[in-house]
Colleague: 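Questions regarding the structure given below will be posed in turn.
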Amino acid sequence: MGWTWGDWASFRRARLWPGIATPTLTSRTAAACLLVGGLLVAFLTTLVPTSFHSVAVQYANAAVAAVVGVGVLLWGHRLQLWQFHLLVVMSTVQITVSVSQAAEATVAVSFATLYVFIATAGFFVPWWAAVFYVSLAAGSCMVALGVTSAAAWWAGVFAASTTVVIGFVIALLGRIVSGAELDTATGLPNRRGFERLLAMAISRAQSVGQRPALVLLSVDGWGAVRRQFGYRAGDEMLRAVVAAWREVIGRELVLARMVDDEFVVLAHNVTDQEAVALSHRMREAVPWDCSVGVTVWQPGESASDVLSRVDVALRRAKRVGRNRTMLESAGLPPIAVELREALAAGAIEVLYQPIVRLSAPETIVGIEALLRWAPESRPCVTLAEVIEVAENTRLIGALDRVVLRRACLDAQRMQARSPQQRLSLSVNVSGLELTEDGYAARVAEILTETGWPAHQLVLEVTETVLDADTPSSISALHELRARGVRIAIDDFGTGYSSLSRLHTIPTDYLKLEAAFTASMHDACSSKPLLRAIAALAEALDVAVIVEGIETAEQANVLGNLGFDLAQGYFFGIPQDYEAIAGSLAAQ
Ligand code: C2E
Ligand code: MG
Ligand code: MG
C-alpha cells in the first residue's frame, strides 16, 4: 500500500505504524480475510439455510466479500490508507449484518468470531486507527449479539473481549517487530529494515523497469567524536547529520543507518551521474568530511549484489584518502570495454614531445611520453575523457604500465642511438594508480625489465579527480625517489595541484600549467605570478618546466623571467618514435 512507502524513513511516521506493514503483506492479508470470511459465510448458509432470517442477504454478503477480496488481491498495492479504513468499516458492517441475521445462537456466535479478522487489521495501521478498528468491532459485536434474540446478552461480552485482546496483542507485536528494524539513535531504518526495503524496491524496479541507486555515506569524523566525547555526543552528531541530509534529499527517498557512521540512501530511479550529484550535495550539507560510494542497480541483480558493490565503492573512497565520492559501475561503459580490448591487443600508441632548455632550445634534454588512443566508436574523444574512464573503471593502472614499459623501451633505443647525451624520460602517472598497493615495486620491475636507468625517469603526477597526497601515495613516491626516480607535479597551479602539494609530495620538478603561458599577454597578465613562481621554485630548489609554449615571444619572455626548461608546440609537437629518435640523433 502506497502510504507505507514514501515516508517510511521518517522518524515520526516510523513510530506511528510498523515498517513491516509492506504494501504486499497488507493487501494479501486483507484479501485473505475477505475471501475466507466470504467462503465461511457462504458455507454456513448452505449448511444450515434455515438458521437465518434471510438466506439471500447472507449470500449477497459472502459474494461482496469474495469479489472485494479478489480485487484487493489484484490491485491492493494501489490502495490508499483511507481506502483501507473504508474496507475495514465495510467488513465490520458486513459481519454485523451476518450476525444479526442469524436465527440461532450457535450460528450467531460462530459468525461473531469473524470480528477477529477486523482486529488483525490493527497490525498495519497507526495506533489511533488500530484502537478505532478494535472499538468498532467490539461495539458492533456487542450490539449484534445483543439485539439478536438468538443468543444470550453475555455472549457478546465474550466475543468482543476476545476481539479486543487479540487486536491489542497483534498491534503491539507489530510495533515490537518493526522496532527491531529501527535505529534507536536516529529513528531511521537500520540495516535489517533497509535490506527489506531494498528488496522491495528491487522487485518493484524489476516490474516497472526502474533503476534504483544506492548512495552509501560514511561520516569520517564520527569515530573521533564518539571516542573523545562519548556515545551521547556521537548520537547528537548523527542526528544533526540526518537532519541536514533530510533537507537535501527530501521525504521521498529512503535514508537508513547501516552501522556506526554509515548511512545509505535509496533513490528510486536515477542515473549514476545523478546519484553522484546527490552525493555531492549531501557532502556539502554537513560540516564534517564524508566518504561516499555510489552504485546503480542493474537488472537481474540481488539486493546483496548492489549492497556489496556500493560497499566496495565506499572502501575505495576511504582508501584513496576519504572525503570523496567513488562510483562503482556494474557494467563497463562501451569506451572501457574497447580500452580493455586495446590493452590486451597492445593497440596503445605512445608519442613523445621534446623538452628543451630555453637557453639552448635546439637541444632536446628530455621527452615526455604521451598516450594516444581513441575508441573506434568515438574517434574524437579527448585524452582527458579516456583517462577519466580508465580511472573510473580501474583500467588506469594497466594503461599507465603499458605506457611506462613502452616509453622505457623506446627511450632505451633512443639513448643507444645518441649515447653522448643523457636523455630524461617523463611519464605521466595518475594519482589513483599511485594509491594502489605495490605501485613502487611495479615501476622498479619495469625499470629492471627494460633496462632504463631509474635516475633518468621522471614520473609526472597528473590528477583528474583524485588527490595524490594520501599516505600510501606519498610513501610510494618516497620509495621511488630512494631508487633514484624523480617526481614532477604536473599541471602545477590548476585545480588539484595546489601549493600545499609542495609540502606533502616529494618534488623534483614543477610542470607549470600551459594556461599561465597562454595568459601572458592578456589584460590580466600572469607575468607577476610567473615571476613569483620562479622565485618560489628557486627557494625550494625545485626545477620548473613551463608547458604550452607556442611562440618565440613566449619562449623569450619566459627565458627572461628566469625559467630554464620548457615544452610546447614551438619546440616540437608530440611525435612518434621514429621522428623524435631522428631529431635526437641529428643534434
Ligand atoms: P600533460 O601531461 O600536461 O601533457 C601536456 C599536454 O599538453 C599534452 O596533451 C600535449 O599534447 C599538450 N601540449 C603540448 N604542447 C602544447 C602547446 O604548445 N600548446 C597546447 N595547447 N598544448 C600542448 P595530451 O597529449 O592531450 O595529454 C593530455 C593529458 O593527458 C596530459 O597532460 C596528461 O595529464 C594526460 N596523459 C597523457 N598521457 C598519459 C598517460 O600515459 N597516463 C596518464 N595517467 N595520463 C596521461
Ligand atoms: Mg604530463
Ligand atoms: Mg601538464
Side-chain angles (χ1 to χ4, degrees), residues 339 342-343 347-356 358 361 364 366-374 380-411 424-436 439 442-443 446 457-466 468 473 486-497 501 507-520 544-555 558 565-576 579-580:
L339 177 59
L343 279 168
I348 303 287
E349 259 192 85
V350 181
L351 296 186
Y352 301 93
Q353 186 175 32
I355 297 172
V356 300
L358 281 166
I364 299 172
I367 49 173
E368 177 177 4
L370 291 162
L371 155 77
R372 285 292 175 271
W373 177 80
C380 296
V381 75
T382 64
L383 195 53
E385 279 178 82
V386 171
I387 298 209
E388 195 183 332
V389 168
E391 285 189 331
N392 285 338
T393 53
R394 291 201 247 174
L395 290 171
I396 192 70
L399 184 60
D400 277 356
R401 277 198 293 282
V402 164
V403 174
L404 179 63
R405 183 173 288 110
R406 173 80 55 77
C408 286
L409 286 172
D410 284 350
S424 167
L425 169 69
S426 297
V427 180
N428 294 285
V429 50
S430 145
L432 183 57
E433 207 214 333
L434 274 183
T435 64
E436 288 178 6
Y439 172 73
R442 280 197 296 276
V443 171
I446 292 175
L457 176 67
V458 177
L459 286 177
E460 297 190 2
V461 180
T462 65
E463 291 173 77
T464 48
V465 290
L466 285 152
S473 320
R486 281 157 305 149
I487 310 297
I489 297 184
D490 207 348
D491 301 333
F492 180 73
T494 57
Y496 293 92
S497 294
R501 284 294 144 78
T507 314
D508 299 282
Y509 293 98
L510 290 182
K511 293 201 74 174
L512 199 57
E513 162 61 20
F516 288 106
T517 314
S519 70
M520 259 185 337
V544 178
I545 303 173
V546 189
E547 289 189 281
I549 296 185
E550 295 181 354
T551 64
E553 198 194 347
Q554 286 172 337
L558 286 160
L565 296 163
Q567 182 181 349
Y569 296 158
F570 178 64
F571 306 113
I573 58 164
Q575 46 210 279
D576 64 15
I580 195 88

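Order of listing sets the numbers, starting from 1, for every ligand and every atom in it. In this chain, numbering begins with 1 at the start of the sequence shown.
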Colleague: Do you know which N/O/S atom name in Asp490 is closest to the Mg ion (ligand 2)?
Modeller: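 When I compare the N, O and S atoms of Asp490, OD2 is nearest to the Mg ion (ligand 2).
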Colleague: State the CG-CD distance between Asn428 and Glu433, to the nearest 0.5 angstrom.
Modeller: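 Answer for the CG-CD pair, Asn428 versus Glu433, is 11.5 Å.
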Colleague: I'd like to know if Arg372 contacts ligand 1, where contact means a heavy-atom distance under 4.0 Å to any ligand atom.
Modeller: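 Yes, Arg372 has heavy atoms under 4.0 Å from ligand 1.
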Colleague: Taking 4.0 Å as the limit for heavy-atom contacts, which would you say applies to Gln353 with ligand 1: side chain only, backbone only, both, or neither?
Modeller: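 The side chain, only.
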Colleague: Please identify which atoms of ligand 1 are closer than 4.0 Å to at least one heavy atom of Val403.
Modeller: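 Numbered from 1, ligand 1 contributes 41 (O).
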Colleague: Take Thr507 and Val461 through the test side chain to side chain contact (heavy atoms under 4.5 Å, CB included) and record every step on the way to the result.
Modeller: CA-CA 10 Å; Thr507 314; Val461 180; over 6 Å; no
Colleague: With a heavy-atom distance limit of 4.0 Å, tell me whether Leu351 approaches ligand 1 through its side chain, its backbone, both, or neither.
Modeller: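 Neither; nothing of Leu351 gets under 4.0 Å from ligand 1.
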Colleague: If we ignore hydrogens and angles and just use 3.5 Å, is the side chain of Gln353 paired with the main-chain N or O of Gly572 as donor and acceptor?
Modeller: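 Side chain of Gln353 to backbone of Gly572, a donor-acceptor pair under 3.5 Å: yes, one is there.
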Colleague: So, is Glu460 placed with an N/O/S atom under 2.8 Å from the Mg ion (ligand 2), counting both backbone and side chain?
Modeller: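 Checking the Mg ion (ligand 2) against Glu460, an N, O or S atom does fall under 2.8 Å.
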Colleague: Within the stated cut-off of 2.8 Å, is an N/O/S atom of Asn428 closer than that to the Mg ion (ligand 2)?
Modeller: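 It does; at least one qualifying atom falls short of 2.8 Å.
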Colleague: Donor-acceptor check, side chain of Arg401 to backbone of Arg442, threshold 3.5 angstrom: yes or no?
Modeller: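 Checked: no pair found.
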Colleague: Considering only heavy atoms, does Glu547 approach ligand 1 within less than 4.0 Å through its side chain, its backbone, both, or neither?
Modeller: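 Answer for Glu547: side chain.
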Colleague: Checking Thr517 side chain against Ile549 main chain: does a donor-acceptor pair fall under 3.5 Å?
Modeller: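 Here the side-chain-to-backbone pair does not exist.
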Colleague: Is there an N/O/S atom in Glu368 at a distance below 2.8 Å from the Mg ion (ligand 2)?
Modeller: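 An N, O or S atom of Glu368 is closer than 2.8 Å to the Mg ion (ligand 2), so yes.
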Colleague: With respect to atom 1 (P) of ligand 1, which of Asp490, Ile545, Leu512 exhibits the smallest heavy-atom separation?
Modeller: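 It is Asp490 whose heavy atom sits nearest to atom 1 (P) of ligand 1.
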Colleague: Below 4.0 angstrom from a heavy atom of Ile549, which ligand 1 atoms are there? Numbered from 1 as shown, please.
Modeller: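 In order of number, 18 (O).
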Colleague: Verify the distance test for Glu513 against the Mg ion (ligand 3): any N/O/S atom under 2.8 Å, yes or no.
Modeller: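 Here the distance criterion (N, O or S atom, under 2.8 Å) is not met by Glu513, so no.
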Colleague: Using heavy-atom distances, let me know which of Phe492, Trp373, Tyr569 sits nearest atom 23 (C) of ligand 1.
Modeller: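 It is Tyr569 whose heavy atom sits nearest to atom 23 (C) of ligand 1.
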Colleague: Just let me know how Leu383 lines up against ligand 1, side chain, backbone, both or neither, with a heavy-atom cut-off below 4.0 Å.
Modeller: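 For Leu383, only side-chain atoms sit under 4.0 Å from ligand 1.
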Colleague: Verify side chain to side chain contact (heavy atoms under 4.5 Å, CB included) between Val389 and Glu385, making sure each step is shown before the conclusion.
Modeller: CA-CA 6 Å; Val389 168; Glu385 279 178 82; 5.5 Å; no
Colleague: Is any side-chain heavy atom of Asp490 closer than 4.5 Å to one of Glu547?
Modeller: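 They are in side-chain contact.
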Colleague: Using heavy atoms and a threshold below 4.0 Å, how should the contact between Asp400 and ligand 1 be classified: side chain, backbone, both, or neither?
Modeller: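 Looking at Asp400 and ligand 1, just side chain atoms fall under 4.0 Å.
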Colleague: Can you name the atoms of ligand 1, numbered from 1 with element, that are less than 4.0 Å from a heavy atom of Gly568?
Modeller: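 Answer, ordered by atom number: 15 (N), 18 (O).
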Colleague: Look at Arg394 together with Glu436 and state whether they make a salt bridge at an N to O cut-off of under 4.0 Å.
Modeller: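 Salt bridge between Arg394 and Glu436, a charged N being under 4.0 Å from a carboxylate O: no.
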Colleague: Pull out every atom of ligand 1 sitting under 4.0 Å from any heavy atom of Glu460, numbered as shown with elements.
Modeller: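 That gives atoms 2 (O) of ligand 1.
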Colleague: Answer side chain, backbone, both or neither: which part of Ile387 comes under 4.0 Å from ligand 1, heavy atoms only.
Modeller: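 Looking at Ile387 and ligand 1, just side chain atoms fall under 4.0 Å.
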Colleague: So is Gly548 touching ligand 1 or not, going by heavy atoms under 4.0 Å?
Modeller: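 Flag set, Gly548 near ligand 1.
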Colleague: Please confirm whether Lys511 approaches ligand 1 to less than 4.0 Å, judged on its heavy atoms.
Modeller: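 No heavy atom of Lys511 comes that close to ligand 1.
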Colleague: Between the side chain of Asp491 and the main-chain N/O of Glu513, is any donor-acceptor distance below 3.5 Å?
Modeller: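 Flag not set: sc Asp491 to bb Glu513 has no pair under 3.5 Å.
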Colleague: Distance under 4.0 Å to a non-hydrogen atom of Pro574: what atoms of ligand 1 satisfy this?
Modeller: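 This gives 11 (O) as the contact atoms.
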Colleague: Closest by any non-hydrogen atom to atom 19 (N) of ligand 1: pick that one out of Glu391, Glu385, Arg406, Glu550.
Modeller: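 Residue with the shortest heavy-atom distance to the ligand atom: Glu550.
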